[in-house]
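As structure tokens, the structure follows; a few thoughts come after it.
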Amino acid sequence: ATPTAIMVGTGRGARSGILVKSAEALQAAHDVKTVVLDKTGTITQGHPSVVSFMCAEGADERGLVASAAAVERYSEHPLAKALVDYAGEQEVAIPEAREFSQVEGGGVSAVVGSSRYMVGNARLMESCGVALDGFALMGERAADEGATPLFVAKDGSVVGMAAVADAVKPTSAQAVKALSAMGIATVMMTGDGERTALAVQKACPVDRVIAGVLPADKEREVACLAEGNPGTVAMVGDGINDAPALARADVGIAIGAGTDIAMDAADMVLMRSDLLDVARAIQLSRATMRIIK
Ligand code: ADP
Ligand code: MG
């Protein structure tokens with residue numbers, strides 16, 4: 001590889017908002033045959049909001065929203081922010097919570113007043129022996145619309161469910177199609193449930209979906225894809241969760257609007273946070289390698 005070609009390629013990338021951090025990354029990108037895309041904040045906007053809140057008939061809905069928000073106030077997860085914002089919109093006062101705890105890839109729990117509340121996904125509820133009952137079907141319906149169902153349990157029984165939706169970015173589908181046209185396989189990887197991920201796949205037609213991945217397992221999934229497939233693997237992500245997977249991929253690509261930790265771990269940063277720039281970055285690398293050869 002001639003240093004001049006790399007410099008030209010890096011400069012061209014920078015002018016279109018693609019920051020290339022190393023010569024190796026620019027070279028490795030020409031042979032990418034698999035692109036792994038994180039869902040939340042990468043394919044989607046990353047600003048989820050509560051689209052509906054359900055509870056048992058006759059239950060105190062406002063009280064439940066307040067308690068759920070009280071628990072989520074201690075979490076930094078984007079889903080937590082959605083619930084806290086929803087409580088604000090509904091103008092319910094959020095009480096104090098204590099004994100907060102968080103389960104990675106599951107949800108949160110805390111004591112509000114004299115009850116223990118838990119807010120999280122079906123996996124968390126199951127692992128704590130909490131039956132979803134009638135809320136299971138509501139959760140499936142929300143997931144089929146592409147929303148993330150968050151169940152609210154009080155003292156071991158599910159009493160409510162929030163459907164939290166995050167819109168797909170306007171160019172995500174086009175970007176996936178562009179990558180396909182370049183002969184590249186696309187994979188969505190998410191900690192969210194499979195039903196929600198499959199609904200998002202309808203709006204953004206990735207070749208494959210890997211759902212329900214725990215934060216600690218994202219890196220291993222990338223490693224498996226790298227071993228089992230021809231060419232190199234690129235990983236695109238925005239979150240703290242994604243950092244090890246970004247570092248493990250042949251080409252780690254961070255979303256500019258994402259966390260600093262993701263940007264530090266990546267080889268490239270997309271300043272426009274637009275997935276079309278993933279295709280552009282690979283094209284740039286291919287052009288650079290042609291000059292080199
Ligand atoms: P990702 O970043 O890929 O969406 P996470 O591991 O952060 O994955 O989250 C996976 C799932 O765990 C979420 O979709 C949600 O169901 C649940 N979860 C995580 N954190 C929270 C939280 N603070 N409140 C409720 N649910 C949560
Ligand atoms: Mg994300």
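Ligands are counted one by one from 1 in listed order, and the atoms in each one are counted from 1 as well.
- Under 3.5 Å, the side chains of Asp274 and Thr171 contain a donor-acceptor pair of N or O atoms.
- Taking distance alone, with nitrogen or oxygen atoms compared against 3.5 Å, Thr148 stays at or beyond that limit from ligand 1.
- In terms of protein heavy-atom proximity, atom 24 (N) of ligand 1 is closest to Glu72 OE2, 2.5 Å.
- Closest to atom 13 (C) of ligand 1, if we only count protein heavy atoms, is Leu79 CD1, 3.5 Å.
- Among the backbone and side-chain atoms of Asp238, an N, O or S atom lies under 2.8 Å from the Mg ion (ligand 2).
- Note: Tyr86 and Phe53 have parallel aromatic rings, judged against thresholds of 30 and 60 degrees for the angle between ring planes.
- Atom 2 (O) of ligand 1 has Asn241 ND2, 3.3 Å as its closest protein atom, hydrogens excluded (heavy atom only).
- If you check which protein heavy atom lies closest to atom 26 (N) of ligand 1, you get Leu150 CD2, 3.4 Å.
- Of all atoms in ligand 1, listed by their number and element, those nearer than 4.0 Å to a heavy atom of Val108 are 23 (N).
- Ranked by closest heavy atom to atom 18 (N) of ligand 1, the top entry among Ala82, Ala211, Gly46, Gly106 is Gly106.
- Close approach of ligand 1 to Lys218 is summarised as follows: ligand atoms under 4.0 Å from at least one heavy atom of the residue are 3 (O).
- Residues Thr44 and Asp166 have side chains that bring a donor and an acceptor to within less than 3.5 angstrom of each other.
- In the vicinity of Ser75, heavy-atom distances shorter than 4.0 Å reach the ligand 1 atoms 23 (N).
- Looking only at protein heavy atoms, the nearest one to atom 4 (O) of ligand 1 is Thr40 OG1, 3.5 Å.
- A donor-acceptor pair shorter than 3.5 Å can be found between the side chains of Thr148 and Asp192.
- Within the 2.8 Å limit, Thr40 places at least one N, O or S atom next to the Mg ion (ligand 2).
- Looking at Gly191 next to ligand 1, an N or O pair under 3.5 Å apart turns up.
- Of all the N, O or S atoms in Asp38, the one closest to the Mg ion (ligand 2) is OD2.
- Sorted by first and then second residue, the pairs that involve residues 106-120 and meet salt bridge (Lys or Arg N to Asp or Glu O under 4.0 Å), not counting sequence neighbours, are Glu99-Arg116.
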Test side-chain contact (heavy atoms from CB on, under 4.5 Å) applied to Met54 and Val152, step by step = CA-CA 10 Å; Met54 321 231 214; Val152 183; over 6 Å; no

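- Atom 9 (O) of ligand 1 has its closest protein heavy atom at His77 NE2, 3.5 Å.
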Quick one: do Arg73 and Glu96 satisfy side-chain contact (heavy atoms from CB on, under 4.5 Å)? Show the steps, please.
-> CA-CA 9 Å; Arg73 195 155 56 171; Glu96 277 304 315; 3.6 Å; yes

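- Those atoms of ligand 1 with a heavy atom of Gly120 less than 4.0 angstrom away are 25 (C), 26 (N).
- No hydrogens or angles considered: nothing links the side chains of Asp31 and Thr232 as a donor-acceptor pair under 3.5 Å.
- Summary of contacts: the protein heavy atom closest to atom 27 (C) of ligand 1 is Gly107 CA, 3.5 Å.
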